[in-house]
**Student:** 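Sharing a structure with you now.
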Amino acid sequence: MAELPEAPTPTLKAIYADYEARQGDGFRDHLGASIIGKSCARALWYDFRWITPARHSGRLLRLFETGQLEEDRLVRNLRATGATVLEVDPETGRQFRVEAHGGHFGGSLDGVALGLLEAPKAWHVLEFKTHSVKSFNELTAKGVVLAKPQHAAQMQIYMHLTGITRALYVAVCKDTDALHVERIEADRAMAERLLEKAGRIIFAQHPPPRISEDPAWFECRFCDHHATCHEGGGAAVTCRSCLHATPVEGGWHCARHDRMLAPSEQRAACGRHLFIPGLIPGEVIDAGDDLVTYRMADGSTWTNDARSPEAAPC
Ligand code: SF4
Ligand code: SF4
């Protein structure tokens with residue numbers, strides 16, 4: 001008879017619970033350069049509009065932390081080759097950061113380096129990643145552009161927005177600790193296409209087309225937004241899913257209350273919240289002050305009604 005797996009001990013449960021308790025609300029204020037290479041524009045729009053909060057298990061969160069802890073060691077490894085590595089911007093004392101589209105798009109560099117043995121005179125953007133053995137083998141066989149286009153896209157954005165024309169990608173295999181080191185060159189046309197893509201997503205008032213209409217499509221099966229996208233499930237109620245909110249230079253504006261919204265207010269929303277129609281699986285048949293009525297796929301009607309007395313402006 002097969003042995004039963006051991007139940008998690010209270011200590012193990014407590015360790016994972018600690019990670020889960022510290023994971024925040026799962027909403028990121030800006031659209032990250034690290035994800036702009038995602039193939040589905042709709043998934044990116046859902047990310048930016050906080051449609052589904054990202055929730056991860058304690059085990060996975062600890063795995064993410066492993067990737068962060070690895071960064072210090074990789075910096076030491078590069079310095080041991082004689083390279084100069086800056087992990088923080090000397091002017092700010094913080095990570096090098098890039099931004100575009102009024103601050104709605106951006107990311108933070110792992111560092112920059114000079115004096116690399118391959119090209120000692122050129123500054124390089126540094127990008128560090130950890131990989132499973134399967135992913136690492138594919139990376140070493142194909143190179144980062146083909147094996148990890150999302151990582152390549154991230155580096156292109158960082159190079160473009162810093163003006164640095166080279167990047168060094170350093171990957172670690174989590175199973176064997178083997179390293180893969182690869183340089184890539186700036187591709188201006190690609191970076192501009194990616195920036196344009198980010199702008200289209202950020203300033204779209206409605207969800208972009210799906211990458212597939214088939215809910216069983218492989219990218220959809222693993223997508224956090226599957227329920228909202230294919231099943232008409234409930235989007236999170238925040239200002240980002242409200243038809244009155246628009247991203248503008250430096251923040252978000254509410255047309256209903258005619259004012260800018262702080263990040264904490266965006267998370268809380270107010271009683272006048274009305275879903276962006278593209279988030280509702282129905283057709284708009286009527287709209288008035290603080291309400292929108294839909295004909296749903298089954299022929300019924302549903303009214304998104306924000307006229308209740310407790311719907312006080314925030
Ligand atoms: S479920 Fe599929 S189509 Fe919908 S956002 Fe996710 S990847 Fe895109
Ligand atoms: S403050 Fe209220 S009305 Fe304005 S965007 Fe947020 S939820 Fe919508």
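FYI, the numbering just counts along the sequence from 1. Both ligands and their constituent atoms are indexed starting at 1 by order of listing. Computed from a prediction, not measured in an experiment: that's the story for all the values here.
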**Student:** Surrounding CZ of R295 (heavy atoms of other residues, nucleotides or ligands, distance under 6.0 Å), is the total greater than 12?
**Tutor:** no

**Student:** Any N/O/S atom, backbone or side chain, of H257 lying under 2.8 Å from atom 8 (Fe) of ligand 2?
**Tutor:**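 H257 does not place any N, O or S atom closer than 2.8 Å to atom 8 (Fe) of ligand 2.
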
**Student:** Is there a side chain to side chain donor-acceptor pair (under 3.5 Å) between H226 and E231? Walk through the geometry before answering.
**Tutor:** CA-CA 7 Å; H226 190 284; E231 297 157 33; 2.9 Å; yes

**Student:** For ligand 2, which atoms sit closer than 4.0 Å to a heavy atom of H244?
**Tutor:**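 Going through ligand 2 atom by atom, the ones under 4.0 Å from H244 are 3 (S).
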
**Student:** Salt-bridged, E196 to R193, with N to O below 4.0 Å?
**Tutor:**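 Here E196 does not pair with R193 in a salt bridge, since their nearest N and O are not under 4.0 Å apart.
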
**Student:** Which atoms from ligand 2 have a heavy atom of C239 less than 4.0 Å away?
**Tutor:** 1 (S), 5 (S), 6 (Fe), 7 (S)

**Student:** Look at R73 together with D177 and state whether they make a salt bridge at an N to O cut-off of under 4.0 Å.
**Tutor:**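 Yes.
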
**Student:** Which ligand 1 atoms, with their elements, are less than 4.0 angstrom from a heavy-atom of A43?
**Tutor:** 5 (S)

**Student:** Minimum distance, heavy atoms only, to atom 7 (S) of ligand 2: which one of G271, A306, C270 is it?
**Tutor:** C270

**Student:** Nearest protein heavy-atom contact for atom 2 (Fe) of ligand 1: which residue, which atom, what distance?
**Tutor:**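 I find the closest protein heavy atom is C220 SG, 2.3 Å.
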
**Student:** Starting from atom 4 (Fe) of ligand 1, locate the nearest protein heavy atom and write down its residue, its atom name and how far away it is, to 0.1 Å.
**Tutor:**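 Scanning the protein heavy atoms, the shortest distance from atom 4 (Fe) of ligand 1 goes to C229 SG, 2.3 Å.
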
**Student:** Any idea which protein heavy atom is nearest atom 1 (S) of ligand 1, and the distance to it?
**Tutor:** H230 CD2, 3.5 Å

**Student:** Please determine whether side chain to side chain donor-acceptor pair (under 3.5 Å) holds for the pair T140 and H180, giving the CA-CA distance in whole Å, both sets of side-chain angles, and the decisive distance to 0.1 Å.
**Tutor:** CA-CA 7 Å; T140 52; H180 171 84; 5.6 Å; no

**Student:** Salt-bridged, D18 to R22, with N to O below 4.0 Å?
**Tutor:** yes

**Student:** Within 2.8 Å of atom 8 (Fe) of ligand 1, is there any N, O or S atom belonging to C40?
**Tutor:**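 Yes, C40 qualifies, because one of its backbone or side-chain N, O or S atoms lies under 2.8 Å.
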
**Student:** What residue and heavy atom of the protein are closest to atom 6 (Fe) of ligand 1, and at what distance?
**Tutor:** C223 SG, 2.4 Å

**Student:** With atoms numbered from 1 as shown, which atoms in ligand 2 lie under 4.0 angstrom from a non-hydrogen atom of R256?
**Tutor:** 3 (S)

**Student:** Using a strict cut-off of 4.0 Å, indicate which atoms of ligand 1 neighbour a heavy atom of R210.
**Tutor:**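 Those of ligand 1 that fall under 4.0 Å from R210 are 3 (S).
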
**Student:** Please check if the distance between the ring centroids of F275 and H273 is under 6.0 Å.
**Tutor:** yes

**Student:** Walk me through it: do D47 and K38 pass the test salt bridge (Lys or Arg N to Asp or Glu O under 4.0 Å)?
**Tutor:** CA-CA 11 Å; D47 288 336; K38 261 190 195 179; 2.6 Å; yes

